[in-house]
Amino acid sequence: MDDRAARLHLASRMDSIAAFEVMEIQTLARELESAGRDVIHLEIGEPDFRTPEPIVAAAHRALDAQPMNYTSALGIPPLREAISRFYADRYRVSVDPARIVVTAGSSAALLLAFGVLLDAGDEVLLADPSYPCNRHFVHALGGVPKLVPVGPATRYQLTADLARAAWAPKTRAVMVATPSNPTGTMVPPAEMAALAGLCRERGAALIADEIYHGLTYGLDARTACETGEDVFVINSFSKYFQMTGWRLGWLVAPASHVRALEKLAQNLYISPATLSQHAALAAFEPGKIAILEERRRELAARRDFLVPALASLGFRVPVTPEGAFYVYADCSGLTEDSFAFAREALVHAGVAITPGRDFGFAAPKGMCESPTRSPWPGWRKRWRACATSSPRASALSRLLVALQFGLMAAMVLRADPSRLGIAFAALLVAGLAIGAWAISANRPGNFNIRPEPKEGGLLVTAGPYRWIRHPMYLAVLVTMAAFVAAGDAAQAVLWLLLAGVLAAKAVREERGLVLVHPGYAAYRERTRAILPFVY
């Protein structure tokens with residue numbers, strides 16, 4: 001690498017923006033195909049159908065008949081009106097075309113929404129697990145994603161009660177996806193109304209990602225637009241309309257924010273692709289919807305085949321997906337590492353699947369097209385106990401802390417003042433020095449980090465077999481060595497006992513030394529980038 005390039009500044013926001021690990025699977029899949037292997041692609045979120053022919057034909061006609069110039073940043077009026085009619089026909093909801101912003105894909109819609117809503121440091125509540133780009137968008141715009149652990153009990157969806165419990169003074173928005181990626185579950189209409197009411201009450205925005213609407217099975221989705229005109233609703237031509245590469249989406253926004261959205265869109269990308277907009281007009285014609293509905297039935301048949309088939313192979317599907325085209329499958333009965341498992345499935349069976357650790361931190365490492373089991377036996381039970389405030393887990397933690405403080409007190413009571421100074425000076429210096437070394441050296445595995453269920457906290461653990469390098473543990477050992485060097489055997493024995501307690505606690509808690517650090521919510525993702533959690 002050129003030395004000058006190496007010295008160029010890299011923005012700190014990039015510390016918190018991770019790459020998609022699934023892209024490594026896709027890259028390997030393409031390499032295998034280049035070598036002549038037949039690969040079944042189940043790893044990337046797009047339908048395997050071609051864009052319907054009438055839409056392609058409309059694009060050809062537009063190329064001949066329409067000038068391919070920039071359009072309004074809000075989109076061409078005929079398309080905004082067609083989207084408005086779509087809401088009236090499908091959802092029986094009236095949406096003024098003036099509130100519809102056509103965007104360069106749904107990702108652009110989300111960037112626009114966050115761009116007009118967030119100041120630096122503002123928080124957005126998101127379900128964990130959820131689509132990873134959402135939290136990265138928040139970071140890119142200076143906000144703070146606050147991931148709220150969800151599970152099968154709420155069908156992996158954020159609820160009003162969970163949002164209320166996670167709310168903080170800097171909360172400015174709540175985002176839900178229905179159906180969701182990667183779980184395929186939906187937010188019930190009553191829950192969506194409750195979330196909208198909570199946001200309205202507290203002066204925050206509700207953002208509803210509905211890009212998988214139309215791809216629901218056994219029930220029809222209802223739009224968040226029916227909860228009021230102050231909700232931001234995002235949709236896309238990529239999924240139901242099968243136009244992924246056309247990069248076209250839309251945002252239904254409060255009328256008060258449309259001008260701000262227009263100004264931001266003008267500056268970010270000028271306007272959506274003109275050709276894509278004219279082609280998308282054909283998607284709403286009655287005959288074209290019939291094609292899309294037939295394909296929806298095909299996807300429903302695939303889901304109905306795949307869910308029981310996965311169960312017969314040893315997977316567990318905690319919640320049957322209601323929409324989208326994902327199955328969030330627990331592979332912990334087959335492996336302890338979903339990423340390694342995905343590689344093996346690709347190399348040995350020619351099937352490309354998505355390891356779930358891209359999607360969040362609440363579920364550890366064993367879901368395929370998702371995460372669910374940790375590298376350490378018992379961690380999932382420990383995490384669930386912590387998340388549900390288990391009395392037994394809390395009592396154990398209190399007992400261990402009491403034992404630690406008891407040993408400290410014994411040392412203080414026994415200590416000669418001069419020797420006590422040696423102890424605490426050694427403890428302080430060793431802790432600061434080793435901690436600074438670990439951070440500055442960016443040593444992966446020295447620490448592992450996971451959001452702690454209580455507001456603003458982190459669970460910090462040392463990785464498996466690495467807890468002996470934890471600054472707290474090393475500081476105790478250095479202090480013990482200082483007493484040994486000073487010839488105070490009694491004090492050295494007491495510090496050795498403390499080291500033993502910490503070691504026993506570390507082993508008891510899945511070989512990780514668990515600490516709770518409140519108040520670091522604003523730096524959670526930054527800290528995680530420096531001290532990465534290893535799934």
Side-chain angles (χ1 to χ4, degrees), residues 17-50 129-133 136 156 179-184 212 215 238-239 242 244-245 295 298-299 301-321 324-376 380 444-445 463-464 532-535:
I17 298 177
F20 254 159
E21 291 196 21
V22 66
M23 300 311 294
E24 293 188 28
I25 297 295
Q26 188 189 47
T27 299
L28 178 57
R30 299 301 183 198
E31 290 174 358
L32 292 174
E33 285 181 318
S34 298
R37 288 284 302 277
D38 181 28
V39 175
I40 298 173
H41 288 276
L42 302 178
E43 77 277 27
I44 299 298
E46 62 182 354
D48 63 339
F49 305 113
R50 291 177 59 87
S130 60
Y131 182 56
C133 292
H136 296 154
Y156 294 105
S180 109
N181 176 4
T183 66
Y212 293 98
L215 298 180
S238 291
K239 311 302 182 179
Q242 289 136 40
T244 50
R295 293 181 176 184
E298 169 62 23
L299 288 172
R302 294 180 187 181
R303 179 204 64 166
D304 294 343
F305 168 81
L306 190 57
V307 171
L310 286 170
S312 72
L313 294 172
F315 295 85
R316 187 175 69 88
V317 181
V319 176
T320 300
F325 33 67
Y326 307 106
V327 179
Y328 196 56
D330 181 350
C331 58
S332 60
L334 304 170
T335 180
E336 289 192 346
D337 187 334
S338 63
F339 188 78
F341 184 81
R343 283 185 64 91
E344 290 176 12
L346 176 57
V347 171
H348 298 295
V351 178
I353 57 178
T354 301
R357 60 188 180 185
D358 275 331
F359 294 91
F361 314 106
K365 91 174 189 182
M367 301 290 262
C368 287
E369 181 66 18
S370 39
T372 201
R373 181 166 171 178
S374 147
W376 310 304
R380 181 168 49 175
F533 188 93
V534 182
Y535 278 116

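Summarising the geometry, atom CZ belonging to Phe305 is positioned 9.0 Å from atom CG belonging to Leu310; distances are rounded to the nearest 0.5 Å. A distance of 14.5 Å separates OG1 in Thr183 from OH in Tyr131, rounded to the nearest 0.5 Å. Atom CG of Leu346 is separated from atom NE2 of His41 by 8.5 Å, given to the nearest 0.5 angstrom. Interatomic distance, CG of Leu306 versus CG of Leu42, reported as 7.5 Å (0.5 Å rounding).
A ring-ring contact (aromatic ring centres under 6.0 Å, His included) with Tyr326 holds for exactly one of Phe359, Tyr156, Tyr212; it is Tyr212. When the options Leu28, Leu32, Val351 are evaluated for a side chain to side chain contact (heavy atoms under 4.5 Å, CB included) with Val39, the one that passes is Leu32.
With a 4.5 Å cut-off on side-chain heavy atoms, Phe49 and Leu299 count as touching. Annotation: side chain of Ile25 is not in contact with side chain of Thr354 (no heavy-atom distance under 4.5 Å). Using a 4.5 Å cut-off on side-chain heavy atoms (C-beta onward), Pro321 and Val307 make contact. Contact annotation: the side chain of Phe325 never approaches that of Arg302 to less than 4.5 Å [non-hydrogen atoms, C-beta and beyond].
Among all heavy-atom pairs drawn from Ser338 and Cys331, the shortest one is CB-SG, 4.2 Å. Contact record, Leu334 with Gly314: CG-O, 4.1 Å, taken as the closest heavy-atom pair.
Side chain of Arg37 to backbone of Val347: a donor-acceptor contact under 3.5 angstrom is found.
Looking at Arg30 and Glu33, a side-chain N of the basic residue comes within less than 4.0 Å of a carboxylate O on the acidic one, giving a salt bridge.
In Arg343, the CZ atom is not crowded: 12 or fewer heavy atoms of neighbouring residues, nucleotides or ligands sit closer than 6.0 Å.
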